[in-house]
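Note on naming: letters A, B, ... go to the chains in the order of the sequence lines (proteins, then strands), and numbering restarts at 1 for each one. The figures that follow rest on heavy atoms only: side chains count, while hydrogens, waters and symmetry mates do not.
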Amino acid sequence: MFYAIVDCDNCYVSCERVFHPELKNKPVVVLSNNDGCVVARSKEAKQLGVKAGTPFFQLERLFPKQEIAVFSSNYELYGDMTARVMSIIRRHTDYFFRYSIDEAFCHLNEMRFSELKAWGERLHKEVERGTGIPVSIGIARTKTLAKAATWFAKHYAGYRHCCVIDTEEKREKALRVLPIDEVWGIGRRYAKKLQAMNLKTAADLTSYSEGWVQSMFNINMQRTWNELRGIDSVPDEKMTAKKSICVSRSLAEMTNDLNALRPHIANYAARCAEKLRRQQTAASVVSVFLYTNPFREDLQQTFDTREITLLTPTSDTARIVSAAKECLRKAFKHGYYYKKVGVVVTGIVAQNSLQTNFVDYDAAHFSKIKRLNQVVDKMNKLYGRETVTLAAQQYPKKQSFADAIRHEYRSKNPTTRWSDIIILK
DNA sequence: TCTGGGGTCCTAGGACCC
DNA sequence: TCTGGGGTCCTAGGACCC
C-alpha cells in the first residue's frame, strides 16, 4: 500500500488569486485575524524574504521598496474553496481523509511507478482545472516519506507537481538530500538540537540506532525514525477523531470590562456548539480562558481559566453558552487587561452513544432542543452565519462576530455570499 | 499604536490511596 | 532516633503539526 498526500500550494494565497488573476507571479501575503501577522506567503513573497509570522506592522518597514499584495484572512472563502478541492480528490481514490484545511491523505493500492506518477499528475491537473488551485502530491510507503516527497515536488519543477518514492534507492537518495528541519515531526526545537549534534539531513538521523534515538528523544522521534526507514508507524486513527474543540481570538483592543467580554465568550461558545453538532458529537466539559497581552511587559500578566462539567454531554447552543458565561464570571479578575479569550469544550462523545444522566434527562425536552438546534443550523447555513443567534451573542452597536475583529483588507466572498454574486436576469 | 488560531501527544511531578 | 513503596490520576509545560 502507498500513501499519497495532496497539499494545496500556499493555500490561502492561491484561494485569493483565483479571484485576482492579475496577482499571478506577484508577491502576495495573507494575514491572521486582526491583521496581526503573516500566515501565508506566495512563492514570490518567500523569495523576497518575507518570513512566516512576521507582524504586519513590521512588513512595511522591512520591505519598503516592494509591492506586496496584502489580504486579511477570509476563512469562509478558504473553507469553501478547499471543500471543492477535497471533493475532487474524493473522486480519485477509494479511501482518503482530510488532515487539515489544505491537505488530505489517500490510500493507494499497489501500483507501478509509472501508474502512481500518472495518477498524481492527472489529479493535479483536475484540481487545477476544477478550482484554480495548484496542489503538490507526494507518494510513498509511509506518511512521513510521502510528506518528504511533497517537499521535492514543491522544490523541483521537474517532478511536475508529483514526486513518488517507491524504491529503496529513491528513499535513500531522498533522505540524503532532505534537510533535517524539513522532516515531518521535527520542529524548530528538535532541529536545533539535532543540528548541534551535526545531524544535517534525514539520512544523518536514520544512520543512528533506534536505541540512541529513544534515549536522546522520545517515542515520537522514534516513530519518525521508523517512518523515514519505510516502516509505517503513524496510524490513520491518530489523526482523525477530535478530542477537544476550541474557539478563541485575540481581541482588537484589550479590555478590563467583564460586560465587554460577555458577547465574545457567548459567540465562541455558540461556535463550539455548532462545531460539535456538525461532527455529530456532544461535550461534557466547557471551559473558558482569559489571557493578558504578553507583549505588554509594563502591565500585570495573568492567565485565568475555569471549567464546568455538565451532568449530560450536550451540543445545545443555549446550554453551552450559559455554562461558558458562568465560567467567564468565575474566571474574570478585576484590574487586568485581557487580550485573548477563548472557549474550549472537551469530554467529547458521539451523539448517538450519549450516556444520559437520569436526573438530568427529559426525553421530550431533549428532542425539542435537538430540533431547535437543527433548524437554527439550517437557517444560518442558508441565510448567513449570524441570522439566528442568542441575545447573549449580540454585540453592542450591532456589530457582527466577524466585525468584532479587524479585517481591513478582506476580499469579498464570491463563492458563498449572495450579495456578492451577480444575479442573472 | 500594531505580535494568529486550532489542534494533538508525551512527560514529569505532585496528590492521593492503600 | 528511624521517614515505605507502588499504583493511579491529574495538571502544567513543552514539543509537534497546519
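On the P atoms, dT3(B) is 25 Å away from dC18(C), given to the nearest whole Å.
In terms of phosphate contacts, S32(A) brings no side-chain nitrogen or oxygen within less than 4.0 Å of OP1 or OP2 of dT3(B). Residue S250(A) places at least one side-chain N or O under 4.0 Å from the OP1 or OP2 atom of dG5(B). Neither OP1 nor OP2 of dG7(B) sits under 4.0 Å from any side-chain N or O of K243(A).
With hydrogens and angles ignored, the 3.5 Å screen pairs no side-chain donor or acceptor of N34(A) with any backbone N or O of G36(A).
As rounded to whole Å, 7 Å separates atom C1' of dG5(B) from atom OH of Y75(A). In this structure, the OH atom of Y268(A) is 13 Å from the P atom of dG4(B), given to the nearest Å. Residue K340(A) contributes atom NZ, which lies 17 Å from atom P of dC2(B) at whole-angstrom precision. As a whole-Å value, the separation of R249(A) CZ from dG7(B) P is 10 Å. Nucleotide dG5(B) holds its C1' atom 13 Å from the CG atom of L251(A), rounded to whole Å. Protein atom CG of N293(A) is 7 Å distant from nucleotide atom P of dC2(B), rounded to whole Å. Whole-Å rounding puts the Y78(A) OH to dG6(B) C1' distance at 16 Å. Distance D35(A) CG to dG4(B) P: 12 Å, rounded to the nearest Å.
Nucleic acid contact for K339(A): sugar-phosphate only, since backbone atoms but no base atoms lie under 4.0 Å from a heavy atom of the residue. At the heavy-atom level, F295(A) lies under 4.0 Å from base atoms of the strands shown. S244(A) comes within contact range of the sugar-phosphate backbone alone, with a heavy-atom separation under 4.0 Å but no base atom that close. Backbone-only engagement by I245(A) is indicated by non-hydrogen atom pairs under 4.0 Å involving sugar-phosphate atoms exclusively.
Looking only at side-chain heavy atoms (C-beta outward), D94(A) and N109(A) come within less than 4.5 Å of each other. In this structure, the side chains of Q222(A) and F217(A) stay at 4.5 Å or more apart for every pair of heavy atoms. Under the 4.5 Å side-chain criterion, counting only non-hydrogen atoms from C-beta, T142(A) is not in contact with W184(A).
Checking G36(A) against C246(A), the closest nucleotide of DNA chain B that is more toward the 5' end is the one next to G36(A). Along DNA chain B, the nucleotide closest to F217(A) and the one closest to F56(A) are compared, and the more 5′ of them pairs with F56(A).
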### Query
According to the Watson-Crick and G-U wobble definition with distances under 3.5 Å, which dot-bracket string, read 5' to 3', encodes DNA chain B, using [ ] for crossing pairs and | for pairs with another strand?
....||||||||||||||

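When only modelled atom types and interatomic distance are considered, S136(A) and D9(A) share a side-chain donor-acceptor pair under 3.5 Å. Checking D232(A) against Y3(A) by side-chain atom types alone, a donor-acceptor pair falls below 3.5 Å.
Listed nucleotides dG6(B), dG5(B), dG4(B) differ in distance to K275(A); the shortest reach to its side chain belongs to dG6(B).
Between E126(A) and R122(A) no salt bridge is recorded (no basic side-chain N to carboxylate O distance below 4.0 Å).
The only option from E16(A), K46(A), K43(A) that meets the side-chain hydrogen bond (donor to acceptor under 3.5 Å, both in side chains) definition with N10(A) turns out to be K46(A). Only one option out of V6(A), I133(A), D7(A) pairs with D102(A) in a side-chain contact (heavy atoms from CB on, under 4.5 Å); it is D7(A).
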### Query
Taking protein heavy atoms under 4.0 Å as touching, what does nucleotides 8-18 of chain C look like 5' to 3' if B marks base contact, S marks sugar-phosphate-only contact and - marks none?
-------SSSS

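The salt bridge (charged side-chain N to carboxylate O under 4.0 Å, His left out) search around K26(A) returns none, not counting sequence neighbours.
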